Amino acid sequence: MVSAALPWLDAPLARTLRSARAHHALLVHGPAGVGQLGFALELARAWLCEHPAAQRGAPGCGQCPSCHLVDERSHPDLRLIVPEAQRAEAGLPEDGAAAEEGSGAGSGKKTRKPSRAILIDQIRAALDFSALTAARGAHKVVIVCPAEALNPIAANALLKTLEEPPGAMRFVLASGDAQALLPTIRSRCQPVALAAPARDEALAWLRGQGVAEPEPLLDACGGQPLRALELQRAGLDAAVWRQFPQWIARGDSAAVAGWPLPVLLDALHKLCHDHALATLGAPGRYFPGSSLAPGADLARLTKTAAWLRAQTHHADHPWSAALATEALVQGTRARLLPGP
């Protein structure tokens, strides 16, 4: 069970199952990286479970055919709507149509990267699904994650269904940035707030996942344990994170070669933030214990942060990753550190 793997979700899951039976739409929100998708899937498992206890508000049994189908993302009464780029992360198979587009040498089809937005066609398919009769039980469930990835057209299409939900349909919108959603969508959902686990609990969980030195990674991710685990699995362990400020100070782009551009940009943002704290005489948040040189001045650091935000919009552009990495490292070094 996901809740067993993420113990800090047990209490909010029990509360939600007791209180949410009369609500057709939930907005599960909290800091990204605390388990919103896992929580939403636990709700779906409980609502679709065939064990009698689940019908009285208990978690899914984890043993019946419906629970296994939820685990396999193949339950006929469940739709999981995620951006195309996050299908593998969510346990879904690759979108065949998207994979076919641009495939094959000389195919003549335009190559594109998977979308990081939830598109109108996905919502239309979910709405068509909502009009069907449940295949195995009394309920059907649609999960949208992350809900802030809905593009404006898709968000408005979903809003119309939230206003007049069909029958026993239940929606779970999972979000790491609920304020980015349309106010009208937020107002039609019962909010379910998830908090990051206590530091000791998060560290114990990370050690249980095989992270030998979790403290620097948890700091790097602002206390979000799932994000910390992702860094570890991507090869960014505690030793790498501690060396990152020195690599940028030297302009050593080779040291971060192969880092996904969104990960590199996030690390550069956090380094800029901690340089600002050093300039103010405060300890670092993301690189505690590092001897960061104060920035030239706060105005320059603010401009550096704005420049990095602008680069974030191009992180998925299909240009040369090596050239992009070099430009980011050298550009940040030139802007971040005091001049001679």
Side-chain angles (χ1 to χ4, degrees), residues 6 8-9 11-13 15-16 19-20 23-43 80-86 89-90 115-120 122-123 126 142-163 165 170-198 202 218 220-228 230 262-263 265-270 272-273 276-277 285-286 302 305-316:
L6 306 177
W8 57 88
L9 298 183
L13 177 64
R15 287 195 301 269
T16 303
S19 64
H23 294 269
H24 69 275
L26 302 182
L27 173 57
V28 177
H29 64 94
V34 300
Q36 285 93 327
L37 177 56
F39 188 89
L41 286 166
E42 281 297 319
L43 290 173
L80 177 54
I81 309 300
V82 300
E84 184 184 335
Q86 297 180 21
E89 179 184 341
S115 174
R116 293 188 175 274
I118 295 175
L119 307 176
I120 180 60
Q122 294 174 275
I123 297 302
V142 170
I143 296 173
V144 181
C145 181
E148 62 269 22
L150 286 160
N151 73 11
I153 300 173
N156 279 299
L158 178 62
L159 175 61
K160 295 178 180 178
T161 300
L162 292 178
E163 289 173 344
R170 285 180 165 172
F171 290 88
V172 183
L173 278 60
S175 175
D177 185 10
Q179 293 304 310
L181 299 176
L182 293 174
T184 43
I185 285 182
R186 296 199 306 269
S187 68
R188 285 162 176 77
C189 298
Q190 179 190 15
V192 178
L194 300 182
L218 192 63
C221 297
Q224 300 167 18
L226 294 183
R227 289 274 180 89
E230 288 174 6
V263 173
L265 277 163
D266 182 63
L268 291 171
H269 273 289
K270 290 171 177 175
C272 183
H273 178 276
L277 291 177
R285 176 183 178 188
Y286 301 109
T302 300
W307 178 77
L308 286 169
R309 283 194 298 273
Q311 307 315 302
T312 302
H313 298 304
H314 309 296
D316 293 320

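The first residue of the sequence shown is numbered 1, and numbering continues consecutively from there. As the structure is a computational prediction, the values presented were derived from the model and not from experiment.
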Scanning both residues in full, the closest heavy-atom pair of Pro197 with Gly223 reads CD-O, 4.5 Å
For side chain to side chain contact (heavy atoms under 4.5 Å, CB included), just list the numbers for Arg309 and His269, CA-CA rounded to whole Å, side-chain angles, deciding distance to a tenth of an Å, and then say yes or no. CA-CA 8 Å; Arg309 283 194 298 273; His269 273 289; 3.5 Å; yes
What's the separation between atom NZ in Lys160 and atom CG in Leu158, rounded to the nearest 0.5 Å? 11.5 Å
Rounded to the nearest 0.5 Å, what separation is found between the CZ atom of Phe39 and the OG1 atom of Thr16? 3.5 Å
I need the Glu42 CD to Leu37 CG distance, nearest 0.5 Å. 10.5 Å
Would you confirm whether Gln224, through its side chain, and Gly35, through its main-chain N or O, come within 3.5 Å as a donor-acceptor pair? no
For residues Gln86 and Cys145, determine if any side-chain heavy atom of one lies less than 4.5 Å from a side-chain heavy atom of the other. no
Using a 4.5 Å cut-off on heavy atoms from C-beta on, say whether the side chain of Gln190 contacts that of Ser19. yes
Ignoring hydrogens and angles, tell me if any N or O in the side chain of Gln122 forms a donor-acceptor pair with the backbone of Pro83 under 3.5 Å. no
For Leu162 versus His24, what's the shortest heavy-atom pair and its separation? O-NE2, 3.2 Å
Quick one: do the Ser115 and Glu84 side chains pair a donor with an acceptor below 3.5 Å? no
In this structure, CG of Asn156 is separated from CD1 of Ile185 (nearest 0.5 Å) by 7.0 Å
Look up atom CG in Leu265 and atom OG1 in Thr312, then write down how far apart they are to the nearest 0.5 Å. 4.5 Å
Of all the heavy-atom pairs spanning Arg285 and Gly222, show the shortest one and how long it is. NH2-CA, 4.3 Å
Could you check if a side-chain atom of Leu226 sits within less than 4.5 angstrom of a side-chain atom of Val34, using non-hydrogen atoms only? no
For the side chain to side chain donor-acceptor pair (under 3.5 Å) test, which of Arg186, His29, Glu148 pairs with Ser175? Glu148
Keeping Trp8 on the side-chain end and Ala202 on the backbone end, is there a donor-acceptor pair under 3.5 Å? no
Quick check: do Val192 and Leu43 have side-chain heavy atoms less than 4.5 Å from each other? no
Starting at CZ of Arg188, measure out to CG of Leu181 and round the result to the nearest 0.5 Å. 13.0 Å
